> 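This is the structure I want to talk about, given as structure tokens.
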Amino acid sequence: MSPPLEWMCGKQRLWLEAPDFLCMEMHGTLDVAEVDAYKSLVYELGDRYGTFAFLVDMRDLESIPPDARSKLSRAARPYPYRAIAVHGTSFTLGIVAAMVVKAGRALAPHAFPFELAFFKTEAQARAQLVPFRDPPPPRQGPRR
């Protein structure tokens, strides 16, 4: 099995666990430059692989300033997500993240077609995303 593809957008780490499962670990303050790098990367990955189930770890995220929130909520085309499951977020940052998506849906409803849910643990978040993953290819039985 090949190692996962991995990228850094400033302090933010993203990786593909499978062609349809994108993960992100967030750290510190999410600034505008990181948002620009993140959006560029996810659109490129979406163009290459299609849509994703997206797992976001916000345990180490400290803040999302207003200018970064605005960038996230303004999307010229759909984000390539089937569903997003967030875990480890503080109450305040959970509200901020939900409001970014809500604002985005008001500004560009076509760009935010995914479900968004919040969980305490990574295991709960991963379980939420199972129905949004591509089924494995059918197994080839013995040829007759």
Side-chain angles (χ1 to χ4, degrees), residues 1-140:
M1 184 173 175
S2 62
L5 297 173
E6 184 174 321
W7 303 268
M8 294 297 295
C9 297
K11 302 172 296 303
Q12 317 315 323
R13 178 176 163 249
L14 289 99
W15 69 96
L16 277 176
E17 286 192 0
D20 69 330
F21 196 69
L22 182 63
C23 301
M24 183 175 191
E25 211 175 67
M26 302 182 79
H27 302 278
T29 297
L30 179 65
D31 64 32
V32 170
E34 290 172 332
V35 170
D36 288 339
Y38 154 80
K39 287 177 73 171
S40 177
L41 174 64
V42 297
Y43 286 134
E44 178 187 327
L45 292 172
D47 291 344
R48 188 180 312 162
Y49 297 107
T51 58
F52 303 98
F54 189 31
L55 176 70
V56 182
D57 177 351
M58 291 178 69
R59 288 177 292 183
D60 294 328
L61 184 65
E62 295 168 7
S63 68
I64 306 171
D67 53 348
R69 287 183 236 160
S70 179
K71 279 264 188 181
L72 286 166
S73 65
R74 296 180 190 284
R77 61 184 186 139
Y79 280 106
Y81 304 130
R82 296 178 196 148
I84 299 176
V86 179
H87 69 93
T89 186
S90 69
F91 177 76
T92 302
L93 285 175
I95 290 172
V96 168
M99 293 310 293
V100 165
V101 171
K102 189 171 187 168
R105 287 183 176 145
L107 295 168
H110 70 284
F112 293 80
F114 51 83
E115 291 188 26
L116 174 67
F118 295 87
F119 300 90
K120 286 186 179 192
T121 70
E122 180 177 345
Q124 292 168 326
R126 283 179 177 273
Q128 171 71 16
L129 293 173
V130 168
F132 298 96
R133 303 273 316 267
D134 279 340
R139 294 183 65 171
Q140 296 294 324

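Everything numeric in this text was worked out from a predicted model, so none of it was measured.
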> Once rounded to the nearest 0.5 Å, what's the spacing between atom CG of Leu5 and atom CG of Leu45?
8.0 Å

> Enumerate the residue pairs fulfilling ring-ring contact (aromatic ring centres under 6.0 Å, His included) with a member in residues 19-49, sequence neighbours excluded, ordered by first and then second residue.
Tyr43-Tyr79

> Is the shortest heavy-atom distance from the side chain of Leu22 to the side chain of Leu14 under 4.5 Å?
yes

> My understanding is that only residues two or more places apart in sequence, or in another chain, count here; which of them pass side-chain hydrogen bond (donor to acceptor under 3.5 Å, both in side chains) with Gln128?
none

> With sequence neighbours left out, which residue pairs that include part of residues 97-111 fulfil the salt bridge (Lys or Arg N to Asp or Glu O under 4.0 Å) condition?
none

> Taking only residues two or more places apart in sequence or in another chain, which ones pass side chain to side chain contact (heavy atoms under 4.5 Å, CB included) with Glu44?
Arg48

> Which distance, rounded to the nearest 0.5 Å, do you find between the CD1 of Ile64 and the CG of Leu72?
6.5 Å

> Asp57: which residues meet the salt bridge (Lys or Arg N to Asp or Glu O under 4.0 Å) condition with it, sequence neighbours left out?
Arg59

> Using the test side-chain hydrogen bond (donor to acceptor under 3.5 Å, both in side chains), find all partners of Glu115 that sit at least two apart in sequence or belong to another chain.
none

> According to side chain to side chain contact (heavy atoms under 4.5 Å, CB included), who are the partners of Ser90, at least two apart in sequence or on a separate chain?
Thr92, Leu93

> Out of curiosity, Met99 CE to Ser73 OG, how far, rounded to the nearest 0.5 Å?
10.5 Å

> With sequence neighbours left out, what residues match Arg13 under side chain to side chain contact (heavy atoms under 4.5 Å, CB included)?
Glu6, Met8, Trp15, Glu25

> Mind checking what makes side chain to side chain contact (heavy atoms under 4.5 Å, CB included) contact with Ser63, not counting sequence neighbours?
Thr29, Pro65

> Among residues two or more places apart or on two chains, list those pairs meeting salt bridge (Lys or Arg N to Asp or Glu O under 4.0 Å) that have a residue in residues 69-86.
Asp20-Arg82, Asp36-Lys71, Asp47-Arg77, Arg82-Asp134

> Once salt bridge (Lys or Arg N to Asp or Glu O under 4.0 Å) is applied, what residue pairs with a partner in residues 121-131 remain, sequence neighbours excluded?
Glu17-Arg126, Glu122-Arg126

> Would you check if Glu34 and Lys11 make a side-chain contact, meaning some heavy-atom pair closer than 4.5 Å?
yes

> My understanding is that only residues two or more places apart in sequence, or in another chain, count here; which of them pass ring-ring contact (aromatic ring centres under 6.0 Å, His included) with Phe54?
Tyr81

